[in-house]
Student: 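There's a structure below that I have some questions on.
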There are 2 protein chains.
Amino acid sequence: MARPRGSDGAQTRERILAVAQELFTRQGYDKTSLRDIAERLDITKAALYYYFPRKEDILLELHLRLQTLGETIIAELEAAPDGAARVAIWPRLANEMIDFMVDNRELLLLHNRNRSAFESLEAAMVQGGRDVEVRFERILSSPAMALRERVRMAAMVGVITEVFGESAAAFEDVPPEELADLVREVIADLTRVPASELHVSD
Amino acid sequence: MARPRGSDGAQTRERILAVAQELFTRQGYDKTSLRDIAERLDITKAALYYYFPRKEDILLELHLRLQTLGETIIAELEAAPDGAARVAIWPRLANEMIDFMVDNRELLLLHNRNRSAFESLEAAMVQGGRDVEVRFERILSSPAMALRERVRMAAMVGVITEVFGESAAAFEDVPPEELADLVREVIADLTRVPASELHVSD
DNA sequence: GTCTATATAGGGATAGAC
DNA sequence: GTCTATCCCTATATAGAC
């Protein structure tokens with residue numbers, strides 16, 4: 001446990017990422033200096049540069065972790081033929097998304113709080129449209145789906161990111177699974193035929 | 001029209017705010033320097049300081065505009081007694097929120113993209129809890145409401161901010177009123193009794 | 001693998017003329 | 001009300017010793 005000489009290596013790297021994630025989320029990426037991170041870890045700024053050539057690279061790595069996770073869902077969506085088929089599988093994928101959020105609230109929060117910073121990152125990326133958000137927007141824009149369904153697709157994403165992201169603090173004391181169940185319920189409601197098209201006495 | 005000597009005054013102020021809003025949204029608050037803003041307006045950095053003592057003050061003013069608008073809704077919510085009464089009026093307020101978003105997408109986008117910057121601002125504010133978001137979170141946290149309703153309240157906010165905010169680009173070509181109607185429909189669906197509690201053949 | 005020391009740039013902010 | 005000139009600080013990043 002007690003690391004020997006020049007500290008461990010891969011371990012330090014992880015610790016840097018953990019601290020960075022926390023500070024980036026709390027104070028924002030731009031307002032967090034390398035000094036802040038280094039002091040928290042009791043190492044020097046220069047030491048950071050051994051692991052990450054540029055500050056951006058820290059953010060990038062965090063970004064990629066979220067991307068990898070989202071990738072699975074987006075890929076499934078893209079695999080389905082454009083149009084009604086995508087509408088059909090979406091509710092299932094939304095549920096996958098919920099499971100994934102339960103385990104990764106922090107990463108989502110980091111992302112939400114630093115949207116503009118992440119975007120500068122994406123601009124610097126070589127790949128034109130590998131980014132999960134860009135790909136999702138593309139799907140959402142498709143005229144092959146009915147507008148109502150497109151709106152509902154966006155709505156479901158909004159529900160999930162709000163409850164597990166920005167409003168997460170309000171549900172701190174709620175067991176994650178209970179919260180997830182309630183959100184699943186909401187998703188189910190959005191999947192059903194809207195009230196305006198039912199002959200139901202309200 | 002052709003402004004006389006040293007330009008107009010209040011007009012310039014507005015132009016500064018307009019340009020700032022655009023750049024802050026596009027590139028992010030931190031990545032936008034006063035130089036950027038000044039060059040776009042063909043004035044010098046120093047001229048900016050005549051209107052705004054600090055860079056933060058530009059952001060602050062933009063912030064306050066959004067706050068003023070949100071204030072109305074939050075105040076109504078707070079006026080109702082905690083608990084079921086708030087659940088009852090919320091759907092109506094959500095509709096107000098939609099109307100308001102239709103007219104103020106840009107301001108919302110600015111806010112979403114610069115969450116952390118706005119938060120540093122709020123920390124500097126004297127008032128402990130005048131901030132709309134803080135007050136909403138407080139309401140959302142109240143144990144006087146059923147957890148299901150609290151989740152749905154958050155969900156509705158998520159729907160609105162997602163469709164009119166982050167995913168707005170995907171609905172660019174859709175007439176705002178048509179979009180608003182579809183979102184209203186979603187809100188209505190979230191207000192109804194969930195499917196799991198109905199005896200409806202699905 | 002981590003340090004000290006330093007380079008360098010860019011940003012916010014001010015003083016004072018016009 | 002706007003400009004020129006300039007200050008000062010902080011932040012990223014590098015060089016090179018241990």
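Numbered from 1 within each chain, the chains take letters A, B, ... in sequence-line order.
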Student: Taking only nitrogen or oxygen atoms into account, show me every contact under 3.5 Å that the protein makes with nucleotides 11-13 of chain C, one pair per line with its distance.
Tutor:
unit_1	atom_1	unit_2	atom_2	d
C/dG11	OP2	B/Arg35	NH2	3.3
C/dG12	OP1	B/Lys55	NZ	2.9
C/dG12	OP2	B/Leu34	N	2.9
C/dG12	N7	B/Lys45	NZ	3.2
C/dG12	O6	B/Lys45	NZ	3.4
C/dA13	OP2	B/Tyr49	OH	3.3
C/dA13	OP2	B/Lys55	N	2.9
C/dA13	N6	B/Lys45	NZ	3.2

Student: Between A/Ala46 and A/Tyr50, who's closer to the 5' end of DNA chain C by nearest nucleotide?
Tutor: A/Tyr50

Student: Which whole-number value in Å describes the distance from B/Glu39 CD to D/dC3 P?
Tutor: 12 Å

Student: List the residues meeting salt bridge (Lys or Arg N to Asp or Glu O under 4.0 Å) with A/Lys45, not counting sequence neighbours, and say none if there are none.
Tutor: none

Student: Take atom CZ of A/Arg15 and atom P of C/dG1, then tell me their distance rounded to the nearest Å.
Tutor: 14 Å

Student: Could you give the CG-to-P distance, from B/Leu41 to D/dG1, as a whole number of Å?
Tutor: 16 Å

Student: Provide, to the nearest angstrom, the distance between the CG atom belonging to A/Leu48 and the C1' atom belonging to D/dT14.
Tutor: 14 Å

Student: What residue pairs, at least two apart or across chains, pass salt bridge (charged side-chain N to carboxylate O under 4.0 Å, His left out) with a residue in residues 165-184 of chain A?
Tutor: A/Asp99-A/Arg184, A/Arg113-A/Glu166, A/Glu166-B/Arg115, A/Glu177-A/Arg184, A/Asp181-A/Arg184

Student: For A/Gln11 and C/dT2, what is the distance between atoms CD and P respectively, to the nearest whole Å?
Tutor: 11 Å

Student: Report yes if a side-chain nitrogen or oxygen of B/Thr44 is closer than 4.0 Å to either non-bridging phosphate oxygen (OP1 or OP2) of D/dT2; otherwise report no.
Tutor: no

Student: Could you list the residues that satisfy side-chain hydrogen bond (donor to acceptor under 3.5 Å, both in side chains) with B/Arg65, not counting sequence neighbours?
Tutor: B/Glu14

Student: A/Arg105: what forms a salt bridge (Lys or Arg N to Asp or Glu O under 4.0 Å) with it, not counting sequence neighbours?
Tutor: none

Student: Any side-chain heavy atom of A/Leu140 sitting closer than 4.5 Å to one from B/Ser167?
Tutor: yes

Student: Quick one: salt bridge (Lys or Arg N to Asp or Glu O under 4.0 Å) partners of B/Arg92, sequence neighbours excluded?
Tutor: B/Glu76, B/Glu96

